[in-house]
Amino acid sequence: MDKLKVLHFPDPRLRKIAQPVENVDQDIKDIIEKMFFTMYEEKGIGLAATQVNIHKRIIVIDVSENKDEKIFLINPEILSLSEDKDSMEEGCLSVPGFFETVERPKKIRVSSLGLDGETKEFEASGLLSTCIQHEIDHLNGKLFVDHISALKRNRIEKKIVKLKKEGSLASRKDTPNYKSAV
Ligand code: GNR
Ligand code: NI
C-alpha cells in the first residue's frame, strides 16, 4: 500500500475546513485504511484526513502501547468539554520535530459515526482526549501551533520553511511524534 503524503505547516491546505461524510461507503473505508497505514508508517498516534489533503471529516487514532488499538472517527463532534484542563506536550506530523505544551479540557464527550452509519457516543480522557481534540482541530483548519504564542509559532514556521528549502525535513521523519502521556 502507498503511504499518503503528509502536508507540512504552513501549507495553506492545512487551513481548509473538512466536509462531513455523507455516506459511509467503500470509498470512505478505503480512505480510513490508507490513513491507518500512513499513521503507523509515520509513527504518529493520530492522523486527520486534512493532513493528507483529503478534506473529509475522518480521523484515525491509536494511542495504545502496542499499536494494536485502532480508533477511527467519522464526522466526530464534541458534545461537551470538562471544566478542568490537562497540559500535554504535543507534536504533529504536519509540524515535524517541534513540541510545545498545550492546555486543553481534560475530558470530552464525543459522537461519531460507525461503519454502519450509526451514531455512537463515548467519553475520553488522558492522551486519547488530547489526541481527539488535536485531530478535530485539523478538520477545522487548526493546528496545535495556533494554541501557542505567535512568537513561537512564527519561529517554528520560519524553521520549517528553511528546513524544506534545504531539503532536510525528510530526515526528521524518524523522530517519532509520539510523546508519552506521563
Ligand atoms: O503523533 C502525534 N502525537 C501527538 C502527541 C501529543 C498530542 C497530539 C499528538 S497527534 C500527533 C499526530 C498528528 O499530527 N496528528 O494530527
Ligand atoms: Ni497533528
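Order of listing sets the numbers, starting from 1, for every ligand and every atom in it.
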Verdict with supporting geometry, Cys92 and His134, side chain to side chain contact (heavy atoms under 4.5 Å, CB included): CA-CA 9 Å; Cys92 181; His134 173 118; 3.7 Å; yes
Under 4.0 Å from any heavy atom of [X], which atoms of ligand 1 are there?
X      : value
Ile45  : 1 (O), 2 (C), 3 (N), 4 (C), 5 (C), 9 (C), 10 (S)
Glu135 : 10 (S), 13 (C), 15 (N), 16 (O)
Glu89  : 6 (C)
Gly44  : 1 (O)
His138 : 16 (O)
Cys92  : 14 (O)

Taking both backbone and side-chain atoms of Gln51, is any N or O found less than 3.5 Å from an N or O belonging to ligand 1? yes
Side chain or backbone, does Cys131 bring an N or O within less than 3.5 Å of an N or O on ligand 1? no
With heavy atoms under 4.0 Å as the rule, classify the contact between Glu90 and ligand 1 as side chain, backbone, both or neither. both
Check side-chain contact (heavy atoms from CB on, under 4.5 Å) between Ser82 and all other residues, then give those that pass, not counting sequence neighbours. Asp84, Pro105, Lys106, Lys107
Are a donor atom and an acceptor atom from the side chains of Asn140 and His138 found within less than 3.5 Å of each other? no
Do the charged groups of [X] and [Y] touch, with an N to O distance under 4.0 Å?
X     : Y      : result
Asp11 : Lys164 : no
Glu33 : Lys29  : no
Glu42 : Lys3   : yes

Would you say that Leu139 contacts Pro76 through its side chain, given a criterion of any heavy-atom pair below 4.5 Å between the two side chains? yes
Within-2.8 Å protein N/O/S contacts of the Ni ion (ligand 2): Cys92 SG, His134 NE2, His138 NE2
Nearest 0.5 Å please: distance from the NE2 atom of His147 over to the CG atom of Asp137. 4.0 Å
Correct closest heavy-atom pair for Ile59 and Glu135 would be CD1-CB, 3.5 Å
Measure from NZ or CZ of Lys159 to the centre of the six-membered ring of Phe98 and say whether it is under 6.0 Å with the direction within 45° of the ring axis. no
